[in-house]
Amino acid sequence: MTTTLIHTEAAPTAGSAANPAAAVERSPQVPAEGTTPAPGRVRRVTAAAGSILWKSTAILAFLALWELGPTYLASPSTRVFLPPLHEVLLAWGKLFEAGTIQGHIAASLTRSVAGFGAALVAGVSLGLLIAWYGRLNSVLNPLLELFRNTAALALLPVFTLLLGIGEESKISIVAYAAFFPVLLNTIAGVKTVDPLLIRAARSLGLNSFRLFQKVILPSAVPTIFTGIRMAGTASILVLIAAEMVGAKAGLGYLIVNAQSSFLIPDMYAGILTVSLLGLGVNFLLVALERHFSRWRTAVGADAS
């Protein structure tokens, strides 16, 4: 009996060794979990490249017009004040090799980040307080409306007279310009939280702090980040204008100095740098918004 059992168990092993093809048929290859077949991966890459190309059509058309327009459509006198794109890029390359553009970018970013950071902390903190306490809103709202409708650049001479032409005045004007978009969108974000969510949270026994932490603040994040993105753009634009008035470094100084020195390609190189800098700041803030709003994506995925 023992011998029979041994031969019976060993028979499949011997058959498998004698016929490898049969063993392969019995255990087909299964792709590892998470891997994508090559054709599907190629289709995804092609679709992504096509989407990026389609979304970049307007920018590419603008750059082509900038390159070809001054050369073939504009008069020689106009071409002096509107050089083609390749001349601007060559001027930018020379500024980069000399280290000039890096110094101006560093000066502008330092001022912009300092002013924007101060506006962010003050705007979010005060906005949450005003939205949470109705009496504080009724007291401060008229004053906030008065200053909100006063253009930041209109107050630039005031900041310059009070703080001088140094770094303090530029950082202060940036903070002033970025403060109100953050403040107003923070107030709007808190006030537009769904009342059903608040009632449901209170019915579950959440105290005021937990209600604010778990319900109100996460619901207000998208609106708050809308104000933060507006403030980021405003901080750069206002700073460039402030640097044009009185500064010895910065992108605004580079632009106005190149214009007064009749270095037209350098002037456009500075303008192009400002545009790319603003675009990079916007992309960074959008990425941060997606990071802090991941719960919205998770809820949508669960619902689907």
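Note that the coordinates shown come from a computational prediction; the quantities given were computed from them, not determined experimentally.
- For R79 (side chain) and A74 (main-chain N/O), a donor-acceptor pair under 3.5 Å exists by modelled atom type.
- When all heavy atoms of A177 and V238 are compared, the closest pair comes out as CB-CG2, 3.5 Å.
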Please step through side-chain contact (heavy atoms from CB on, under 4.5 Å) for the pair L95 and T273, ending with a clear verdict. CA-CA 11 Å; L95 291 173; T273 303; over 6 Å; no
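- There is a path of hydrophobic side-chain contacts, each under 4.5 Å, that joins V221 to V124.
- One finds the CD1 atom of I240 at 9.5 Å from the OG atom of S235 (value rounded to the nearest 0.5 Å).
- Under the 4.5 Å side-chain heavy-atom criterion for grouping Ile, Leu, Val, Met, Phe, Trp and Tyr, L136 is not connected to L184 through any hydrophobic cluster.
- The hydrophobic clustering, which links ILVMFWY residues whose side-chain heavy atoms are closer than 4.5 Å, places L109 and L276 together.
- S219 places no side-chain N or O within 3.5 Å of a backbone atom of V193 that could act as its donor or acceptor partner.
- Once rounded to the nearest 0.5 Å, the distance linking CZ of F159 with CG of L153 reads 11.0 Å.
- For the atom pair CD1 (I271) and CG (L251), the distance works out to 11.0 Å, reported to the nearest 0.5 Å.
- Interatomic distance, CZ of F81 versus OH of Y268, reported as 9.5 Å (0.5 Å rounding).
- The minimum heavy-atom distance linking L239 with S108 is given by the pair CD2-O, 3.0 Å.
- Residues passing the side chain to side chain donor-acceptor pair (under 3.5 Å) test with W66: none are found, sequence neighbours excluded.
- Tracing side-chain contacts under 4.5 Å through hydrophobic residues (I, L, V, M, F, W, Y), one reaches L85 starting from I264; they form part of the same cluster.
- The minimum heavy-atom distance between E87 and P265, with the atom names listed, is O-CB, 4.0 Å.
- When atom types are taken as modelled, the side chain of S169 and the backbone of G164 share a donor-acceptor pair closer than 3.5 angstrom.
- A distance-only check finds a donor-acceptor pair linking the side chain of T57 to the backbone of L53 [under 3.5 Å].
- Put simply, L285 and L120 are part of the same group of oily side chains (I, L, V, M, F, W, Y) that touch within less than 4.5 Å, one to the next.
- Summarising the geometry, atom CE belonging to M244 is positioned 9.5 Å from atom CG belonging to L254; distances are rounded to the nearest 0.5 Å.
- Considering only residues two or more places apart in sequence or on other chains, R148 meets the salt bridge (charged side-chain N to carboxylate O under 4.0 Å, His left out) condition with E145.
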Derivation and outcome, side-chain contact (heavy atoms from CB on, under 4.5 Å), residues F179 and L126: CA-CA 10 Å; F179 172 75; L126 185 58; 3.8 Å; yes
Go through the steps for L89 and L272 under the test side-chain contact (heavy atoms from CB on, under 4.5 Å), then give the verdict. CA-CA 9 Å; L89 295 179; L272 185 61; 4.1 Å; yes
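- Using a 4.5 Å heavy-atom cutoff, the side chains of L288 and I228 are not in contact.
- For I187 against G127, the heavy-atom pair with the smallest separation is CG1-O, 3.6 Å.
- Under the 3.5 Å distance criterion, the side-chain polar atoms of N257 are left unmatched by any main-chain donor or acceptor of Y253.
- With sequence neighbours excluded, the residues satisfying ring-ring contact (aromatic ring centres under 6.0 Å, His included) with F180 are Y176.
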List the steps and the verdict of side-chain contact (heavy atoms from CB on, under 4.5 Å) for D266 and T100. CA-CA 11 Å; D266 290 4; T100 305; over 6 Å; no
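- Without hydrogens or angle criteria, E167 side chain to R111 main chain gives no donor-acceptor distance under 3.5 Å.
- Taking each heavy atom of A175 and A118 in turn, the nearest pair found is CB-CB, 4.5 Å.
- Between V190 and the choices L128, I130, L129, T223, the side chain to side chain contact (heavy atoms under 4.5 Å, CB included) rule is met once, by L128.
- Remark: L277 CG to N282 CG distance equals 11.5 Å, nearest 0.5 Å.
- In this structure a side-chain-to-backbone donor-acceptor pair under 3.5 Å is present from T192 to A188.
- Closest heavy-atom contact between V274 and I236: CG1-CG2, 4.3 Å.
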